[in-house]
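Every chain is numbered from 1, with letters handed out A, B, ... down the list of sequences. Keep in mind that the numbers below use all heavy atoms, side chains included, and drop hydrogens, waters and symmetry copies.
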Amino acid sequence: EAAVTQSPRNKVTVTGGNVTLSCRQTNSHNYMYWYRQDTGHGLRLIHYSYGAGNLQIGDVPDGYKATRTTQEDFFLLLELASPSQTSLYFCASSDEVQAPLFGEGTRLSVL
Amino acid sequence: DAKTTQPDSMESTEGETVHLPCSHATISGNEYIYWYRQVPLQGPEYVTHGLQQNTTNSMAFLAIASDRKSSTLILPHVSLRDAAVYHCILRVNSGGSNYKLTFGKGTLLTVTP
């Protein structure tokens with residue numbers, strides 16, 4: 001069954017902390033995406049990737065790095081977390097034909 | 001930077017047929033129209049998509065204007081579990097083989113008994 005799994009589901013860190021959010025898809029999809037969702041803004045694209053080693057900048061990339069280590073795994077890195085990065089983060093995967101599939105989300109709080 | 005425009009909210013009553021509009025006046029010829037819905041604390045769930053022709057599935061009917069500048073998601077006989085934020089998005093070709101998915105704020109559909 002097609003799936004996008006995010007971990008952790010919840011994370012609390014302090015300002016200046018180092019955080020890695022993980023996303024794994026088992027759908028053999030080429031595209032993977034990281035979004036953040038905040039009240040009043042909808043889902044905003046941070047980074048996305050077309051295959052292992054590929055990285056594309058999204059619409060709100062500042063303060064975030066990402067790495068696509070394999071076709072299955074896409075990581076979002078916050079190296080100096082700030083309170084403005086407190087948000088709900090979603091990962092998604094897709095191919096050229098099928099509709100994108102989303103994970104359940106990671107709730108991040110930066111204190 | 002969203003390329004779609006939707007009303008912020010709509011209200012309905014159980015059993016009604018709901019029409020959710022979406023404007024995408026600058027859509028390109030090869031961009032697909034996708035609809036997702038999302039309930040609190042969960043990821044967006046795929047509803048339907050289309051390119052030019054109207055489409056239907058077990059969840060909804062998608063009506064696409066002949067000029068493709070707008071579309072309407074039609075939900076027949078809504079129930080309380082249809083209450084959600086409905087997102088109309090375009091699959092944007094950002095160049096080469098890369099396809100961005102850009103969301104707007106969506107329409108919050110409330111359903112009352």
Using the rule that Ile, Leu, Val, Met, Phe, Trp and Tyr join whenever any side-chain heavy atoms are under 4.5 Å apart, tell me whether B:Met59 and B:Tyr86 fall into a single cluster. yes
More than 12 heavy atoms from other groups under 6.0 Å of CZ on A:Phe75: yes
Examine whether an atom of A:Asp95 lies under 4.5 Å from a heavy atom of chain B, and if so say whether it belongs to the side chain, the backbone or both; otherwise answer neither. backbone
Part of A:Gln6 within contact of chain B (heavy atom distance under 4.5 Å): neither
May I ask you to check whether over 12 heavy atoms, not counting those of B:Asp8, lie within 6.0 Å of atom CG? no
Transitive ILVMFWY side-chain link A:Tyr89 to A:Leu77, under 4.5 Å: no
Does B:Val85 share a hydrophobic cluster with B:Val47, counting links as ILVMFWY side-chain heavy atoms below 4.5 Å and allowing steps through other members? no
Honestly, the part of B:Gln38 sitting under 4.5 Å from a heavy atom of chain A is side chain
For B:Gln42 and A:Phe90, work out which heavy atoms get closest and say how close. O-CZ, 3.4 Å
With a 4.5 angstrom heavy-atom cut-off, which part of A:Arg44 approaches chain B: side chain, backbone, both or neither? neither
Under 3.5 Å, side chain of B:Tyr36 to main-chain N/O of A:Pro100, donor-acceptor pair present? yes
Are A:Tyr50 and A:Val4 co-members of a hydrophobic cluster defined by side-chain heavy atoms under 4.5 Å apart? no
Region of B:Ile89 that comes under 4.5 Å of a non-hydrogen atom in chain A: neither
Heavy-atom contact with chain B under 4.5 Å, split by part of A:Leu43: both
Between the OH atom in B:Tyr34 and the OG atom in A:Ser94, the distance rounded to the nearest 0.5 Å is 7.0 Å
Could you see if A:Ile46 belongs to whatever hydrophobic cluster contains A:Phe102? Use Ile, Leu, Val, Met, Phe, Trp, Tyr and a side-chain cutoff under 4.5 Å. no
Here the gap from B:Lys105 atom NZ to A:Thr39 atom OG1, rounded to the nearest 0.5 Å, amounts to 11.0 Å
